[in-house]
**Q** 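I'd like to ask some things about the structure below.
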Number of protein chains: 2
Amino acid sequence: MPKQAVKKMPCCDDTSPCSLPTDQSAEQIAALAWAIAHPARVRIVRLLISRNTCVCGEIVDEMPLAQSTVSQHLKILKESGLVQGEVDGPKVCYCINSEKLAALKSLVASL
Amino acid sequence: MPKQAVKKMPCCDDTSPCSLPTDQSAEQIAALAWAIAHPARVRIVRLLISRNTCVCGEIVDEMPLAQSTVSQHLKILKESGLVQGEVDGPKVCYCINSEKLAALKSLVASL
DNA sequence: CCAGACTATCGCATATCGACGATAATCAAT
DNA sequence: ATTGATTATCGTCGATATGCGATAGTCTGG
């Protein structure tokens, strides 16, 4: 995960001819891209998109991964904000955070 | 890098109600997303986009990273196909592969 | 309250990332 | 050929990702 302490980001200073977006933007893109930088997470995201209704552990059934592993990926997706989890009784329903997804699309499109 | 051997991807089989794109597509997205899943690489990509002219080791000057580290990131970007390197004398000019970039945008947009 | 189902978390192992310095490799020019 | 500049690669280190089984936590229903 790109969480290394970036020493300094001397971009967009006087010596640099770039009018690039802020570094914060770079980290935003990196963080969101990171969330979908694994096939399993792409599949999960697509699964959640395809089912307008939030799904829960059914995700596990769709994936060739152990439940704990899927849960781990869901955690990563939740941390990225792309996915939201909502407790529904003993189950947990996950759904796409459309705003975050739109933000990801927008950020990538504006590259 | 998500290069782990995926055991099997029983998606889109008879038991699954998904008409999702192929898993290959998931790996494509994951691979491209991975390339920009690091702030430094996002910055490099933007730098290459902003300068229509290909840049070379000037990238190093723009980044708070060691030359070897930048070279490593460039290698990753090259492997993803997002960036192309062209030897120009003792220097190496890098430039964006517009097609790959477009593919990335398209893939993300079609999520 | 207890049993059952569902999910999250904990360890653990392995593999890779990300960073760096040091070193090799490459090319132009002298 | 040698030098100088530029870039790639190597080796190392710490941190993290990824996978799993096992376990703990949580909630519902009887």
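Convention: sequence-line order gives letters A, B, ...; per-chain numbering from 1.
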**Q** Restricting to salt bridge (charged side-chain N to carboxylate O under 4.0 Å, His left out), what partner residues turn up for Glu86(A), sequence neighbours left out?
**A** none
**Q** Taking atom CD1 of Ile29(B) and atom OG of Ser110(B), what is their separation to the nearest 0.5 Å?
**A** 5.5 Å
**Q** Using whole Å, what does the distance between atom P of nucleotide dG18(C) and atom CG of Leu65(B) come to?
**A** 11 Å
**Q** Polar pairs (N or O, both sides) under 3.5 Å between protein and nucleotides 4-13 of chain D?
**A**
residue : atom : partner  : partner atom : Å
dT7(D)  : OP1  : Gly57(B) : N            : 3.0
dT7(D)  : OP1  : Val92(B) : N            : 3.4
dA8(D)  : OP1  : Tyr94(B) : OH           : 2.1
dA8(D)  : OP2  : Ser71(B) : OG           : 3.0
dA8(D)  : OP2  : Tyr94(B) : OH           : 3.3
dA8(D)  : N7   : Gln67(B) : NE2          : 2.8
dA8(D)  : N6   : Gln67(B) : OE1          : 3.0

**Q** Quickly work out the His38(B) NE2 to dA19(C) C1' distance and round it to whole Å.
**A** 9 Å
**Q** Answer yes if the side chains of Arg46(B) and Ser25(A) hold a donor-acceptor pair under 3.5 Å, and no otherwise.
**A** yes
**Q** Starting from C1' on dT7(C), measure out to CD1 on Ile76(A) and report it in whole angstrom.
**A** 16 Å
**Q** What is the distance, to the nearest angstrom, from the CD atom on Glu79(A) to the C1' atom on dT18(D)?
**A** 14 Å
**Q** What is the distance, rounded to the nearest whole Å, between atom CG of Asp88(A) and atom P of dA8(C)?
**A** 13 Å
**Q** Considering only residues two or more places apart or on different chains, which pairs with a residue in residues 77-104 of chain A satisfy ring-ring contact (aromatic ring centres under 6.0 Å, His included)?
**A** none
**Q** When rounded to the nearest 0.5 angstrom, what is the spacing between CZ in Arg51(A) and CD1 in Ile59(A)?
**A** 8.5 Å
**Q** Check each of Leu107(B), Val108(B), Leu101(B) against Lys105(B) using the side chain to side chain contact (heavy atoms under 4.5 Å, CB included) test, and report the only one that passes.
**A** Leu101(B)
**Q** Within the structure, does a side-chain N or O atom of His73(A) lie under 4.0 Å from either OP1 or OP2 of dT7(C)?
**A** no
